[in-house]
Engineer: 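Structure provided below as structure tokens; questions to follow.
Just so we're clear, the structure is a prediction, and the values are computed from it rather than from any experiment. In the text below, chain A, chain B and the rest are named by the order of the sequence lines, each starting its count at 1. The analysis underlying the following values was restricted to heavy atoms, covering all of them including side chains, and did not include hydrogens, waters or symmetry mates.
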Amino acid sequence: MEKNVVILDIDYVTYENKPVIRLFSKDKDKNIVLLDDSFEPYLYVAPKDNVKKCQEQILDTLEGVHIEEVIKKDFQVEKTFLKVTFLNPQELAKNRDALRDLDQVDHIREHDIPFYRRYLIDRDVIPMTEVKACGEKIDSFLNLDSKKHDLEIIKLTKPLERVGDDLQDFRILSFDLEVRNPHGMPNSEVDEIIMIGVASNFGINQVISTKTNSEDRDDFVNQVASEKEMIETFIDIVKKSNVDIIVGYNSDNFDFPYLKDRAKSHGIDLDLGMDDSNIKFIRRGFANAASFKGLIHVDLYLVMRRYMTLERYTLERVYYELFGEEKVDVPGEHIWEYWDSDSTQLDDLFDYSLDDVVSTLKIAQQTLPLNLELTRIVGQPLFDLSRMATGQQAEWFLVKEAYFDNEVVPNKPGGSNFTIRAAEEDNEGGYVKEPEIGLHENLVQFDFRSLYPSIIISKNISPDMLVVGDVENREDYNISPEHDLKFKKNPKGFIPSVISKILNERFKIKKAMKASVDPTEKKTLDVQQQAIKRLANTMYGIYGFPRFRWYSYECAKAITSWGRQYIKRAMKKAEDYGFYAIYADTDGFYAKYKK
DNA sequence: AGGTTCCGGGG
DNA sequence: GTGTACGGAACCT
């Protein structure tokens, strides 16, 4: 059978010792899980000097691996690697260290790319877009049961085909808890949930509670008998509404952990997964992320911290910044008093609860389009992408581009490598001329368009083009104004070529945007070009950040040193025409016309 | 100057 | 989950 579906989420399970990729998807009216058992985990081995000997040693040491000799580019230089394929990801993880330590092995590469990400990259599958699936329908697979979970299960017989890059419409639901907290920040062991606010882009706007508001107020309260029933009602709404994306504000760290604890105390499972599986908290560094199979949870707090620069990121502050309106406010420490009061204060608390969840939905509608575009460009799941720093988004984008360029990805710096990188002096940044104090008139503003991306492209600044030591023909190199850093003029470096590619794409989109007469299309194109701009601007940052795969202190230094040269030159030139700069920063300045 | 601890959001 | 992890301000020594 053939079917067009939209992919929401991905994971894998191990079945009979083999990995099976599961793509949680949907079509117009049904949830669909695609199964693909045709993909195997692998890594690359760089042999020391003798490829054959290395291959023999690996085969002698490890059981059940398959080895293939491949030519891959490493910083643009073609080299022979051994592609070592394992039975399953667990085997790869278990044997990675032993492999690295073999005396015929120089080093290993691409050994730390999560299996589902590898699948998305290698199979060119883009989350949140439409694909054509060919396969056979099956009734069940492991814990998945098509009847019990009301979904279709399709075992793929052919690779997925891209149908189009068009972004789909998604069903978005926001939620928010209010808790009775007589002693400061609530404690889920003792403090009950008093309200659950729910809003959606498909008509739901309500507050579930054990109390209700006055008759003269708008009727948005869904009154139930107990806290247990509140939680059950919430779960029921989410499940019945076929939600694609569930959003909250700080829901990774507050709402979902709290809801889970309270549900547990009533013997309820927070089983919102497409397969009725439970909520799962994924440890990501210092914080947790709340996740469900096939239901994308986006915590907008994390998204907003990247989306705009503010001194604080409270829901109130972010909402004000985006929409210029004040929110209904109830001071946190008084919530329990409002709840206990049974008067207009209780009504106000209901209004506050609804306002919070409606604002959260509005913020989601405002910001998700950009994140969906980034998902499409970066090629990783929205759940992951919404929690990545922009530098990580850029890095995963480069990992994907490297695959299509037949480049082996550099390893992440580990241990001593990282310490060396981190110990390097801070790079001198852009040129800043402190503003001259006073009220100035007759000012002109001047700025470079994408200064750093342009420098990277025009000077071919890329770690694979950097040459250390003396060179014969200096004219074959772009040489930085300070530090004598030399970059080959040819061929085009990996990162400059990626940036030119996406900037060309942006140029085309901007052109189409100007030509378009349909306001919806215009808006969509605008979001697309913004997403690309963000990604292009991040590329400078990745050179200067010690944890990145393409980290290069030299590249970072070269970019800023050319940057300083360009802006100073421009200021000088402006002065020749009678413009005196009163303030400058990195890629632009304000100047006063003296005449 | 250099190292260590604390904090964000949420109620 | 092919796990190991932020970044700036405030506060010590």
Side-chain angles (χ1 to χ4, degrees), chain A residues 10-14 19 39-44 84-97 99-100 108-119 121 175-188 190-197 248-259 262 280-291 299-306 310-318 329-339 349 352-353 356-357 360 384 387-392 399 409 411-412 414-415 418 422 545-547:
Chain A
I10 175 169
D11 75 352
Y12 79 94
V13 289
T14 313
F39 191 65
E40 294 172 315
Y42 65 88
L43 52 71
Y44 294 110
V84 183
T85 305
F86 294 80
L87 209 56
N88 56 49
Q90 296 88 327
E91 284 291 309
L92 187 151
K94 202 166 69 191
N95 293 302
R96 175 170 43 194
D97 291 337
L99 198 53
R100 189 177 1 225
I108 58 173
R109 297 284 276 274
E110 304 201 10
H111 54 83
D112 56 358
I113 296 172
F115 188 60
Y116 69 93
R117 293 198 177 170
R118 179 88 271 173
Y119 178 88
I121 293 165
F175 83 109
D176 179 52
L177 306 182
E178 308 303 333
V179 172
R180 187 175 179 280
N181 58 330
H183 31 252
M185 272 312 284
N187 169 358
S188 64
V190 287
D191 300 327
E192 60 173 334
I193 295 169
I194 51 180
M195 297 177 184
I196 303 179
Y249 204 83
N250 201 26
S251 38
D252 268 347
N253 279 305
F254 179 74
D255 300 82
F256 271 130
Y258 207 93
L259 193 59
R262 294 305 294 175
K280 202 175 156 190
F281 290 96
I282 298 168
R283 272 185 278 284
R284 345 180 93 242
F286 55 100
N288 287 335
S291 80
D299 184 342
L300 290 168
Y301 165 59
L302 302 167
V303 173
M304 296 324 289
R305 282 199 343 189
R306 279 203 318 267
L310 299 173
E311 57 296 334
R312 292 181 72 75
Y313 293 89
T314 60
L315 179 58
E316 209 180 351
R317 181 71 183 83
V318 165
D329 192 37
V330 173
E333 64 272 22
H334 296 302
I335 285 178
W336 68 281
E337 291 165 340
Y338 278 58
W339 172 253
L349 187 61
Y352 167 75
S353 175
D356 258 15
V357 80
T360 306
D384 296 22
R387 289 168 177 77
M388 283 178 191
T390 47
Q392 283 168 318
V399 171
V409 171
N411 285 333
K412 268 192 223 161
F418 178 74
F545 197 24
R547 280 187 321 280

Engineer: Students often get this wrong, so: under 4.0 angstrom with heavy atoms, is A:Phe86 touching a base, only sugar-phosphate, or nothing?
Structural biologist: nothing
Engineer: Tell me the interatomic distance from A:Ile193, atom CD1, to B:dG10, atom C1', rounded to whole angstroms.
Structural biologist: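 Rounded to whole Å, this separation is 13 Å.
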Engineer: Which sits closer to the 5' end of DNA chain B, A:Glu333 or A:Tyr301, going by the nucleotide each is nearest to?
Structural biologist: A:Tyr301
Engineer: Would you mind classifying the nucleic acid contact of A:Leu43 as base, sugar-phosphate or nothing, using non-hydrogen atoms under 4.0 angstrom?
Structural biologist: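 Nothing, no heavy atom under 4.0 Å.
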Engineer: Closest approach to the side chain of A:Arg547, judged atom by atom: which nucleotide of B:dG11, C:dG7, B:dG9 is it?
Structural biologist: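 Of the candidates, C:dG7 comes closest.
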Engineer: Mind checking if A:Gly248 touches a base, just sugar-phosphate, or nothing, with heavy atoms under 4.0 Å?
Structural biologist: nothing
Engineer: Out of B:dG11, B:dG9, C:dG7, which nucleotide sits closest to the side chain of A:Phe545?
Structural biologist: C:dG7
Engineer: Taking atom C1' of C:dA9 as reference, at what distance in whole Å does atom CD of A:Glu311 sit?
Structural biologist: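 These atoms are roughly 15 Å apart.
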Engineer: Heavy atoms only, 4.0 Å cut-off, all strands: where does A:Phe256 land among base, sugar-phosphate and nothing?
Structural biologist: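 Answer is nothing: A:Phe256 stays at 4.0 Å or more from every strand.
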Engineer: With the side chain of A:Arg305 defined as its heavy atoms from C-beta on, choose the nearest nucleotide among B:dG8, C:dG1, B:dG10.
Structural biologist: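 For A:Arg305, the side-chain atoms sit closest to B:dG8.
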Engineer: Side-chain contact, heavy-atom cut-off 4.5 Å: A:Asp384 with A:Gln392?
Structural biologist: no
Engineer: Using a 4.0 Å heavy-atom cut-off across all strands, classify A:Arg180 as base, sugar-phosphate, or nothing.
Structural biologist: nothing
Engineer: Base, sugar-phosphate alone, or nothing: which one does A:Asp191 contact when heavy atoms must sit under 4.0 Å apart?
Structural biologist: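 Since no nucleic acid heavy atom lies under 4.0 Å of A:Asp191, the category is nothing.
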Engineer: Under the side-chain hydrogen bond (donor to acceptor under 3.5 Å, both in side chains) criterion, do A:Arg305 and A:Tyr301 qualify, and how do the steps go?
Structural biologist: CA-CA 6 Å; A:Arg305 282 199 343 189; A:Tyr301 165 59; 2.9 Å; yes
Engineer: Under 4.0 angstrom, heavy atoms only, what part of the nucleic acid is A:Asn253 near: base, sugar-phosphate, or nothing?
Structural biologist: nothing
Engineer: Between atom CG of A:Leu99 and atom NE2 of A:His111, what is the distance when rounded to the nearest 0.5 Å?
Structural biologist: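 Separation between the atoms: 10.0 Å.
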Engineer: Determine the contact category for A:Ile282: base if any of its heavy atoms lies under 4.0 Å from a base atom, sugar-phosphate if only primed atoms, P, OP1 or OP2 are that close, otherwise nothing.
Structural biologist: sugar-phosphate
Engineer: Are the side chains of A:Asn95 and A:Val84 in contact, using a 4.5 Å heavy-atom criterion?
Structural biologist: no
Engineer: Would you indicate which nucleotide in C:dG7, B:dG9, B:dG11 comes nearest to any side-chain atom of A:Ile335?
Structural biologist: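 Shortest atom-to-atom distance from the side chain points to B:dG11.
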Engineer: Taking the six-membered ring for Trp, are A:Phe256 and A:Phe175 ring centroids under 6.0 Å apart?
Structural biologist: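 Ring-ring flag for A:Phe256/A:Phe175: true, centres closer than 6.0 Å.
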Engineer: Checking all strands, does A:Asp384 fall into the base, sugar-phosphate, or nothing category for heavy-atom contacts under 4.0 angstrom?
Structural biologist: nothing
Engineer: In whole Å, measure the gap between the C1' atoms of C:dG7 and B:dG9 for me.
Structural biologist: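 16 Å, rounded to whole Å.
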Engineer: Taking the P atom of each, how far is C:dA5 from C:dG1, in whole Å?
Structural biologist: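 Per the computed distance, 13 Å lies between those P atoms.
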Engineer: Under 4.0 Å between a side-chain N/O of A:Tyr313 and OP1 or OP2 of B:dG10, yes or no?
Structural biologist: no
